[in-house]
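As the structure is a prediction and not an experimental result, all values here were calculated from the model. Here, residue 1 is the first one in the sequence, and each next residue gets the next number.
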Amino acid sequence: MNQLHRKMGTFSLTMVGLGSIIGSGWLFGAWRAAQIAGPAAFVSWIIGMIVISFIALSYSELGSMFPEAGGMVKYTQYSHGSFAGFLAAWANWIAIVSVIPVEAVASVQYMSSWPWEWARWTHGLVVNGSLTGGGLAIASGLLIIYFFINYWTVSLFSKANSFITVFKIIIPGLTIGTLLFAGFHASNFTSTGSIAPNGWASVLTAVATSGIIFAFNGFQSPINMAGEAKNPGRSIPIAVIGSILIATVIYVLLQIAFIGAVDPSMIVHGWQHLTFNSPFADLAISLGINWLVIILYSDAFISPSGTGITYTATTSRMIYGMEQSKYFPSVFGKLHPLYGVPRQAMFLNLGVSFLFLFLFRGWGVLAEIISVATLISYITGPVTVMTLRRTGADLYRPLRLKGLSFISPIGFVIASLVLYWAKWPLTGQVLFIIMIGLPIYFYYQAKQKWQGFRQNFFAGLWMVAYLLCMMIVSFLGSDKFGGLNVIPYGWDMALVTCMSLFFYSWAIKSGFKSEFLEQGKRVNDDLREKENQMESQLDKKSAV
């Protein structure tokens, strides 16, 4: 049984994407973005959408070509071999698996500010933005719940997720409408003398570190679930782009409503001093909207839990995919004979989720790490899709994007800029986490007696050089982005742009017809055959 059961239609996959995007990001993202960028934070969400859209377009073509479980961790090895493939897969897995505990942390953080007398015990669950022992216990319980909802079957996950996602759209909509009409202070947008009181550089930093990239990261989920799609060629691009656009409208309106609902007295000393434990619930309490308070505290469990459930499903498919690429022991590639669920992979991810939960106990810290790790994995999408246009020209493409020769380099440059905007030392810390995975790669290469190592290594060398150069530029760059200011503001971004185009060109030229591409061709051939069968069935029905 080499494929997971295909049971999910376009609507279910779109709900998977939207359910992943609208998680704890909406509960905290508006507050964090406002802290960093002030009223101009809504611009950060629009920039974030543009960044993600360019990346997602590349991955949509790849996802429709290779509808397989955990596809996001396989594509780069098809175009550049095992070394670049491993780095991309490792970064992507780190970014996605750490989302599971951050959603549990979000629920507990909202819970810690319950205002009722009987719930005073919850106030000790979080201290100074970090979970205490009691908070860790409740968050651990949530991780186990996410695990068991996915333990038996894809069908149960799909039904639970679609129901939760519909609820997750309704609640932000209610919040937006209520805050806009109940306590909107238009003066908040200009009260500090500028719509961007901390400078426009802060608007860019907010894209990378406030949870915006983290929130939009959910576009990957339909791609990682492509192995279960009924009609991947049609469903994947619609689910990916559709979920991004719907989420953008919701997030921009939430940000505007949040900025307007803040009591003007709270921002007299600047937006950076705005402190909340439960941002939207605290605003509703200050406005005396008790019914909304109750709904928000309820949704603080439902929205993050929906995302946690989704990511528990998608990360198990990623481990399954990495095992298929010989990056993990074979035990993680086994599917349950009845339910088609990779249970051993789920157990591994549960253990790693506990590790992240206990090491990083605050939402903000985890969101920053996830965002930067995600950006590192994003840079490979534009490179891979364009390389395969050359090395896999004969592959069947249900979706062939026009203008990809412009979309891909722009996506690579934008992702590099956002990685730079994340600020030093965060950029260096996360790049170090990515490098930690290299011993695992070299171990499995040694087990395979270094077969084909030289070609694979040199095909992926551009990625190591790129990461090191980005680290150096971040360290020496503008003080607006945490650097030493050796490279002044403006020139730093020009340098990152030029450097990115150089590495993009190097990466495209490094691609080759790897041995892994044969695996991808088999998946692609199966897709072509399946769609041909569907077309012939439709022709027979129309003839009748």
task: State whether the number of non-hydrogen atoms from other residues, nucleotides or ligands found under 6.0 Å of His273 atom NE2 is greater than 12.
output: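 Yes.
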task: State, to 0.1 Å, how close Pro382 and Ser58 come at their nearest heavy-atom pair, and which atoms those are.
output: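 Looking at all heavy atoms of both residues, the shortest contact is CA-OG, 3.6 Å.
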message: Quick check: closest heavy atoms across Asn198 and Gly38, and the distance to 0.1 Å?
response: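 In terms of heavy atoms, the two residues are closest at ND2-N, 4.4 Å.
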Sequence neighbours excluded and cut-off under 3.5 Å, please list the side-chain donor-acceptor pairs for residues 286-301, or say none.
| unit_1 | atom_1 | unit_2 | atom_2 | d |
| --- | --- | --- | --- | --- |
| Ser286 | OG | Leu283 | O | 2.6 |
| Tyr297 | OH | Ser113 | O | 2.8 |
| Tyr297 | OH | Ser113 | OG | 3.2 |
| Ser298 | OG | Ile294 | O | 2.9 |
| Asp299 | OD1 | Ser303 | OG | 3.0 |
| Asp299 | OD2 | Trp26 | NE1 | 3.2 |
| Asp299 | OD2 | Ser303 | OG | 2.8 |

Min side-chain heavy-atom separation Ile36-Trp31 under 4.5 Å: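 Not touching, per the 4.5 Å side-chain cut-off.
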- prompt: So do the side chains of Phe216 and Val51 get within less than 4.5 Å of each other, counting heavy atoms only?
  reply: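 With C-beta onward as the side chain, the pair stays apart.
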Please confirm whether the backbone N or O of [Y] pairs with a side-chain atom of [X], one donor and one acceptor, at under 3.5 Å?
X	Y	answer
Ser112	His123	no
Ser210	Val207	no
Tyr146	Gly308	no
Thr205	Ser202	no
Asn188	Ile259	yes

Is the distance between the ring centroids of [Y] and [X] under 6.0 Å?
X	Y	result
Phe219	Tyr378	yes
Phe280	Tyr110	no
Phe347	Phe147	yes

message: Within the 3.5 Å criterion, strictly below it, is a donor on Gln35 or Trp271 matched to an acceptor on the partner's side chain?
response: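 Per modelled atom types, Gln35 and Trp271 side chains form no pair under 3.5 Å.
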query: What residue among Ile195, Val203, Leu254 forms side-chain contact (heavy atoms from CB on, under 4.5 Å) with Phe42?
result: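 Only one option passes, and that is Ile195.
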Give every donor-acceptor pair under 3.5 Å between a side-chain atom in residues 131-144 and any protein atom, sequence neighbours left out.
| unit_1 | atom_1 | unit_2 | atom_2 | d |
| --- | --- | --- | --- | --- |
| Thr132 | OG1 | Gly124 | O | 2.7 |
| Thr132 | OG1 | Leu125 | O | 3.1 |
| Ser140 | OG | Leu136 | O | 2.7 |

